[in-house]
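What you see below is based on every heavy atom in this structure, not just the backbone, and it leaves out hydrogens, waters and symmetry mates.
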Amino acid sequence: VPSVLFFFFFKDFVYLKEREQAEQQAEGEGGVGSPWKFKKLVRILFQCNFCSVLFLGVADGVGGWRDYGVDPSQFSGTLMRTCERLVKEGRFVPSNPIGILTTSYCELLQNKVPLLGSSTACIVVLDRTSHRLHTANLGDSGFLVVRGGEVVHRSDEQQHYFNTPFQLSIAPPEAEGVVLSDSPDAADSTSFDVQLGDIILTATDGLFDNMPDYMILQELKKLKNSNYESIQQTARSIAEQAHELAYDPNYMSPFAQFACDNGLNVRGGKPDDITVLLSIVAEYTD
């Protein structure tokens, strides 16, 4: 009897040299085609297969901590590694990804090793037994579920105000109450059934800030089958197109449109690191 298997393939694109150039230009000019200062963001992800459940997570470290001598990747990386360890130890409930995020964050708060920083986070849990997807998203990374060429499910972006996403934080004692910090319980949580052929795209805000849904769907239409090479090439194509648009000063990006909606008359893409994780629901027999 056929059952459902979730194939996960991801491509992580880190444009280090161009990122550094963009930061230097932003510091001198206030951004590429925009008045906002470029922020260096660090993406950390994990993937874990536990029995009949598959887990996927991405955390996006807040780059502003570099101004205080803190490596943004330390917080996001530790957060995701802790989530991964909890899953491997079986300390989870598949239908409650917020619980995984909460336990991981609490461990960081109790960590005897000093750790400072902030991060957004998105966790996707796929239960092969029930054929359901459970998600928890805090901040402005997120996911899309595409079926029949249309977006049937998507995460909601969480912002306190313009360009200030919800985030988990650990601040030094003297800055507690000043540094923005949200509870894991504030994460948006969803659960729904998946079907054969569903495409699940998870990404950092570097993708969604530069490519609207219709552009992403155009690229996904080029995905003709579920073999590794095809999925990998599609993920690469999406990330590279977003990267190109990020450095177009005349392009009206989703981020620029959001800025205009908040009273900033600007154009251009948003230079940023971009992570694209692409998965597809496929049938197999064992």
> Between E84 and R81, is the closest basic N to carboxylate O distance under 4.0 Å?
Replying inline: no
> Who are the side-chain hydrogen bond (donor to acceptor under 3.5 Å, both in side chains) partners of D182, not counting sequence neighbours?
Replying inline: H160
>> Is any side-chain heavy atom of V152 closer than 4.5 Å to one of V146?
In response: no
>> If you define the side chain from C-beta out and look only at heavy atoms, does anything of Q167 sit under 4.5 Å from V62?
In response: yes
>> Under 4.5 Å between side-chain heavy atoms, counting indirect links through other Ile/Leu/Val/Met/Phe/Trp/Tyr residues: same cluster for M80 and L115 or not?
In response: yes
> Would the F143 and F208 ring centres measure less than 6.0 Å apart?
Replying inline: no
> Is a salt bridge present between D213 and R154, judged by a nitrogen-to-oxygen distance below 4.0 Å?
Replying inline: yes
> When you check the side-chain N and O atoms of S118 and S169, is any donor under 3.5 Å from an acceptor?
Replying inline: yes
> For residues S237 and E219, is any side-chain donor paired with an opposing acceptor at under 3.5 Å?
Replying inline: yes
>> With a sphere of 6.0 Å drawn around CD of E150, does it hold more than 12 non-hydrogen atoms of other residues, nucleotides or ligands?
In response: no
> For Q159, does the CD atom sit with more than 12 other heavy atoms under 6.0 Å from it, leaving out its own atoms?
Replying inline: yes
> In terms of side-chain geometry, is the basic nitrogen of D198 or R147 positioned less than 4.0 Å from the acidic oxygen of its partner?
Replying inline: yes
> So if you build clusters from Ile, Leu, Val, Met, Phe, Trp, Tyr with side-chain heavy-atom gaps below 4.5 Å, do V93 and L54 land together?
Replying inline: no
> Is there side-chain contact between L201 and I238, with at least one heavy-atom pair below 4.5 Å?
Replying inline: yes
> Is there side-chain contact between T234 and L278, with at least one heavy-atom pair below 4.5 Å?
Replying inline: yes
>> Can you see whether H134 engages S191 through a side-chain donor-acceptor pair at a distance of less than 3.5 angstrom?
In response: yes
> D261: what forms a salt bridge (charged side-chain N to carboxylate O under 4.0 Å, His left out) with it, not counting sequence neighbours?
Replying inline: none
> So do the side chains of I100 and T102 get within less than 4.5 Å of each other, counting heavy atoms only?
Replying inline: no
> Between H153 and F192, how do the two ring planes meet: parallel, tilted or perpendicular, split at 30° and 60°?
Replying inline: parallel
> Is there a side-chain contact between L168 and L101, using heavy atoms and a 4.5 Å cut-off?
Replying inline: yes
> Are side-chain heavy atoms of L245 and M211 found at a separation under 4.5 Å?
Replying inline: yes
> Would you say M252 and F162 are hydrophobically clustered, going by side-chain heavy atoms of ILVMFWY under 4.5 Å?
Replying inline: no
>> Check this for me: does any side-chain nitrogen of one of E229 and R236 sit under 4.0 Å from a carboxylate oxygen of the other?
In response: no
> Just wondering, do V145 and V151 contact through their side chains at under 4.5 Å, heavy atoms?
Replying inline: no
> How about T129 and S52: does a side-chain donor come under 3.5 Å of a side-chain acceptor?
Replying inline: yes
